[in-house]
Amino acid sequence: MYKLYVMRHAKSSWDFPELEDHDRPLSKRGFKSAKIICEFFIKNNINFDLVYCSSAKRTIQTLDALIEKVEIKKTLVTQKLYHASSNDLIKTLKKTPNEFKSVLLINHEPSLTELVKKICFESKSSMMRSLIEKFSTCAVAEIFFNFESWDKIEELKGELINFTKPKQLQASNE
C-alpha cells in the first residue's frame, strides 16, 4: 500500500514586496495553518517515509512546522520542484525508491491541482470538486495507490481518499 500526500505550502507573506517570489516567507496566518495541519497529522498518526519539498522559503518553512513533531524518515529539498509542472512532479515521484510507502510532496499551485487530476481516478466526488475549485494554502490531499512500484504512478491511477483544509480543522475545533 502506497500513499501520497500532496500539500500546498502555507500562506505566504506579502509584507516585503521587494523579495523575489522564491524568498517570500510565511505569514502569521501561514504559520498558524501549518501548526493546525501538523496537529492533524499527529492526531491521525500520519508519518512520512519521504518528504519532497520545493526550495522556496515558504515551502521549507511549512516543512519546518512539521519536522519537530511528525515522524519523517528522509527529506529531500530541491530547486527542481520550484516552478515544476505536474509532469515534472510525476517524473520525480516515479523515481521514488519503493521502500518509501508514505510520501509527502510540499509544493505550489497550479501544478499540485494538475498533478492530482492526472494521477487520481476520474472522480466526481465532492472532495475532488473542492480541490479543483481551490487547492487552499496548507491544504493536503491524501491519495491511495494499489501498486507495488512508484514508477507505475501514471499507469495505475490513485484514489483521492481525503482532502483536508486548515479552515475545516479550525472550524471543527471551535
Side-chain angles (χ1 to χ4, degrees), residues 1-14 21 24 26-27 29-48 50-54 56 58-59 61-63 65-66 70 81-94 96 100-147 150-174:
M1 177 172 83
Y2 289 78
K3 281 194 178 175
L4 174 64
Y5 296 83
V6 177
M7 180 177 186
R8 185 175 177 194
H9 61 78
K11 181 78 175 156
S12 60
S13 171
W14 291 88
D21 178 71
R24 274 190 292 118
L26 293 183
S27 66
R29 184 177 122 202
F31 282 108
K32 183 178 179 184
S33 294
K35 183 181 177 197
I36 289 168
I37 288 294
C38 181
E39 291 168 2
F40 168 77
F41 288 151
I42 293 166
K43 181 179 177 183
N44 291 284
N45 199 29
I46 298 172
N47 299 302
F48 305 104
L50 175 63
V51 176
Y52 288 113
C53 183
S54 159
R58 60 194 178 274
T59 53
Q61 287 181 318
T62 301
L63 173 61
L66 308 177
V70 176
L81 295 177
Y82 179 67
H83 286 310
S85 69
S86 59
N87 289 333
D88 294 333
L89 297 176
I90 289 171
K91 286 177 190 172
T92 296
L93 291 167
K94 284 179 120 179
T96 302
F100 300 121
K101 306 278 191 229
S102 178
V103 174
L104 171 64
L105 169 65
I106 305 173
N107 215 45
H108 311 271
E109 273 294 273
S111 58
L112 293 180
T113 296
E114 291 304 314
L115 172 69
V116 175
K117 285 169 43 179
K118 285 181 181 182
I119 63 175
C120 286
F121 291 118
E122 294 299 319
S123 175
K124 303 288 186 222
S125 73
S126 59
M127 280 186 295
M128 184 62 96
R129 284 192 303 273
S130 177
L131 184 149
I132 291 169
E133 183 179 301
K134 183 172 183 183
F135 202 126
S136 306
T137 52
C138 218
V140 180
E142 181 180 358
I143 303 163
F144 168 79
F145 293 96
N146 190 19
F147 56 48
W150 283 105
D151 65 357
K152 305 281 188 220
I153 195 164
E154 273 184 299
E155 300 160 28
L156 302 171
K157 300 291 185 182
E159 180 182 356
L160 179 64
I161 58 175
N162 198 2
F163 183 57
T164 306
K165 300 177 184 180
K167 272 188 179 178
Q168 293 169 320
L169 297 173
Q170 189 174 13
S172 68
N173 287 334
E174 292 178 340

Legend entry - For the student: nearest non-hydrogen atoms of Phe144 and Met1, plus distance: CE1-CG, 3.0 Å
Legend entry - Close side-chain approach of Thr137 to Thr62, heavy-atom, < 4.5 Å: no
Inset, instruction - Would you kindly say whether Thr164 and Gln168 are connected by a side-chain donor-acceptor distance under 3.5 Å? - result: no
Inset, instruction - Any chance you could measure Ser27, atom OG, to Gln61, atom CD, to the nearest 0.5 Å? - result: 10.0 Å
Inset, instruction - Give the minimum heavy-atom separation between Ala141 and Leu160, together with the two atoms involved. - result: CB-CD1, 3.8 Å
Legend entry - Results of side chain to side chain donor-acceptor pair (under 3.5 Å) for Ser86 - residues two or more places apart only: Lys118
Inset, instruction - Kindly compute the distance separating CG (Leu131) from CZ (Phe163), expressed to the nearest 0.5 Å. - result: 4.0 Å
Inset, instruction - Any chance you could measure Ser126, atom OG, to Arg129, atom CZ, to the nearest 0.5 Å? - result: 5.5 Å
Legend entry - Validation row: Thr92, Leu105 side chains within 4.5 angstrom (heavy atoms): no
Legend entry - More than 12 heavy atoms of other groups within 6.0 Å of Asn44 CG: yes
Inset, instruction - Describe, in one word, how the ring planes of Tyr5 and Phe48 are oriented to each other, choosing from parallel (under 30°), tilted (30 to 60°) and perpendicular (over 60°). - result: perpendicular
Inset, instruction - Just say parallel, tilted or perpendicular for the rings of Trp150 and Phe147, cut-offs at 30° and 60°. - result: perpendicular
Inset, instruction - Return the set of residues passing side chain to side chain donor-acceptor pair (under 3.5 Å) with Lys134 (not counting sequence neighbours), or none when no residue passes. - result: none
Legend entry - Test salt bridge (charged side-chain N to carboxylate O under 4.0 Å, His left out) applied to Lys165 - qualifying residues, sequence neighbours left out: none
Legend entry - Pairwise side-chain contact, Ser130 with Glu133, heavy-atom cut-off 4.5 Å (strictly under): no
Inset, instruction - Taking atom types as modelled, find out whether Tyr2 and Thr96 have a side-chain donor-acceptor pair closer than 3.5 angstrom. - result: no
Legend entry - Rounded distance (nearest 0.5 Å) linking atom CD1 of Ile143 with atom CG of Asn162: 11.0 Å
Legend entry - Pairing residues for Glu154 by the side chain to side chain donor-acceptor pair (under 3.5 Å) criterion, not counting sequence neighbours: Lys94
Legend entry - 4.5 Å side-chain heavy-atom contact, Ile42 and Cys38: yes
Inset, instruction - Check whether any side-chain heavy atom of His108 lies under 4.5 Å from a side-chain heavy atom of His9, and answer yes or no. - result: yes
Inset, instruction - Can you sort out the partners of Ser12 under side chain to side chain donor-acceptor pair (under 3.5 Å), two or more places apart, ordered by chain and number? - result: Arg24
Inset, instruction - Taking the side chain as every heavy atom from C-beta outward, state whether Leu66 and Leu104 have any atom pair closer than 4.5 Å. - result: yes
Inset, instruction - Find the distance between OG (Ser33) and CG (Leu26) and round it off to the nearest 0.5 Å. - result: 9.0 Å
Legend entry - Test salt bridge (charged side-chain N to carboxylate O under 4.0 Å, His left out) applied to Arg58 - qualifying residues, sequence neighbours left out: Asp21
Inset, instruction - Compare every heavy atom of Ala10 with every heavy atom of Gly30, then report the nearest pair and how far apart it is. - result: O-CB, 3.2 Å
Inset, instruction - Kindly indicate whether the side chain of Leu169, heavy atoms from C-beta on, has any atom under 4.5 Å from the side chain of Pro166. - result: no
Legend entry - SG-CG distance between Cys53 and Leu63, expressed to the nearest 0.5 angstrom: 5.0 Å
Inset, instruction - I would like to know whether Leu81 and Thr59 meet side chain to side chain contact (heavy atoms under 4.5 Å, CB included); could you show each step before the answer? - result: CA-CA 10 Å; Leu81 295 177; Thr59 53; over 6 Å; no
Legend entry - Over 12 non-hydrogen atoms of neighbours within 6.0 angstrom of NZ in Lys32: no
Legend entry - side chain to side chain contact (heavy atoms under 4.5 Å, CB included) evaluation trace for Cys120 with Met128: CA-CA 9 Å; Cys120 286; Met128 184 62 96; 3.6 Å; yes
Legend entry - Any Thr113 side-chain heavy atom under 4.5 Å of Arg8 side chain: no
Inset, instruction - Using the side chain to side chain contact (heavy atoms under 4.5 Å, CB included) rule, pick out the option among Val103, Leu115, Leu89 that qualifies with Val6. - result: Leu115
